[in-house]
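In listed order, ligands and their atoms are each counted from 1. The figures that follow rest on heavy atoms only: side chains count, while hydrogens, waters and symmetry mates do not.
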Amino acid sequence: MTFGSKVTVIEMMDRIVPAMDAEVSKNLRLILERKGMTILTDTKLQEIIEEDGKLRIKVEGKDDIIASKALLSIGRVPDLEGIGEVEFELDRGRIKVNEYMETSVPGIYAPGDINGTKMLAHAAFRMGEVAAENALKGNHAVAKLNLTPAAIYTLPEVAAVGLTEEQAREKYDVAIGKFNFAANGRAIASDAAQGFVKVIADKKYGEILGVHIIGPAAAELINEASSIIEMEITVEEMLKTIHGHPTYSEVMYEAFADVLGMAIHSPKKK
Ligand SMILES: Cc1cc2nc3c(=O)[nH]c(=O)nc-3n(C[C@H](O)[C@H](O)[C@H](O)COP(=O)(O)OP(=O)(O)OC[C@H]3O[C@@H](n4cnc5c(N)ncnc54)[C@H](O)[C@@H]3O)c2cc1C
């Protein structure tokens, strides 16, 4: 699309990037459609047929799509052929591990994609560290995989850590803070003033439950949020930090301030 191709996204769920916060998903769709992408949600891919050097893409209940390329990006399955005779306890085809990354066979550890908990490179790296430490020194180290940041390298980028608003509301009385890149100096100067940072906090204690970003450098900015959540820094504590100007990170600061209705570059909350 950015390089001049006509792009159609086919998604079975009712929204794109369904694992992300619903508001982020809605905003990304809007931005991509404005750029000219066709997005079909609630649409099931049925078949891809090669035909006269092109691909006929059959979808349920809609006209066929004729394309020159198809990029299939659904699901990965473990290949356990290499494990030989060892009988591990499995969970939906993946090697089951405990919090120490140890399998049902004492002394054998299975960090990474093979256990299917978080199939991301940085999560695998941390799981590997934990497994190695436990294998050498006895089981004691754990990886907080629920705090693994995730990023999608669209234009603009999308990134998240922790709970979505929907998930947080199931358990907590939440306060939401949001700040748009449209009111950020660096984003305006860089012609990248799209998207927002959204902070989900527990109203009672100010604990940060989740941070969601759509906008420039989202995949970079999310790591600040990961550190904040891991260190159990509250909204009030975060607001004592000084963020450089002009930076995209100021949007993060202002979104935290907005949790308390204190973002100075936002209209006052009623
Ligand atoms: C197309 C694609 C894009 C991705 N993009 C991202 C991304 O942007 N960000 C991100 O965080 N993650 C991304 N991932 C996921 C990421 O690659 C994995 O989560 C990560 O590589 C998992 O690391 P791992 O060490 O568990 O497994 P792997 O990286 O798969 O390493 C397993 C290794 O074991 C070797 N092996 C397998 N069987 C045997 C055997 N019998 N004997 C010896 N060796 C064996 C394999 O050859 C391989 O080298 C992507 C994955 C794919 C497929």
Starting from [atom], which protein heavy atom do you reach first, and at what distance in Å?
atom: atom 15 (C) of ligand 1; value: Arg76 NH1, 3.6 Å
atom: atom 9 (N) of ligand 1; value: Leu120 CD2, 4.5 Å
atom: atom 18 (C) of ligand 1; value: Asp113 OD2, 3.3 Å
atom: atom 8 (O) of ligand 1; value: Tyr153 CE1, 4.2 Å
atom: atom 16 (C) of ligand 1; value: Ala121 N, 3.8 Å

Could you tell me which atoms of ligand 1, counted from 1 in the order shown, lie closer than 4.0 angstrom to a heavy atom of [X]?
X: Gly112; result: 26 (O)
X: Met119; result: 15 (C), 19 (O)
X: Gly82; result: 41 (N)

**Item:** Nearest non-hydrogen partners of Asp173 and Asp202, listed with the distance
**Value:** O-OD1, 3.6 Å
[atom]: protein heavy atom closer than 4.0 Å?
atom: atom 28 (P) of ligand 1; value: no
atom: atom 11 (O) of ligand 1; value: yes
atom: atom 1 (C) of ligand 1; value: no
atom: atom 49 (O) of ligand 1; value: no
atom: atom 36 (N) of ligand 1; value: no

Any ion pair linking [Y] and [X] (charged N to carboxylate O, less than 4.0 Å)?
X: Asp21; Y: Lys198; answer: yes
X: Glu236; Y: Lys240; answer: no
X: Glu50; Y: Arg56; answer: no

**Request:** List in chain and number order the residues that pass salt bridge (charged side-chain N to carboxylate O under 4.0 Å, His left out) with Arg94, two or more places apart in sequence or in another chain; answer none if no residue qualifies.
**Result:**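 Residues passing salt bridge (charged side-chain N to carboxylate O under 4.0 Å, His left out) with Arg94: none at all.
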**Item:** Under 3.5 Å: N/O of His122 near N/O of ligand 1
**Value:** yes
**Request:** Could you tell me whether some N/O pair between Ala124 and ligand 1 is separated by less than 3.5 angstrom?
**Result:**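 Between Ala124 and ligand 1, no N or O pair is found under 3.5 Å apart.
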**Message:** Using the rule side-chain contact (heavy atoms from CB on, under 4.5 Å), only one of Val259, Leu163, Leu209, Val199 pairs with Val174; which is it?
**Reply:**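 By the side-chain contact (heavy atoms from CB on, under 4.5 Å) criterion, Val174 pairs with just one of Val259, Leu163, Leu209, Val199: Leu209.
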Do [X] and [Y] come within less than 4.5 Å of each other through their side chains, counting heavy atoms only?
X: Val161; Y: Ile222; result: yes
X: Val251; Y: Asn180; result: no
X: Leu40; Y: Ile65; result: yes

**Complete:** Taken in chain and number order and not counting sequence neighbours, the residues that satisfy ring-ring contact (aromatic ring centres under 6.0 Å, His included) with His243 are Tyr253
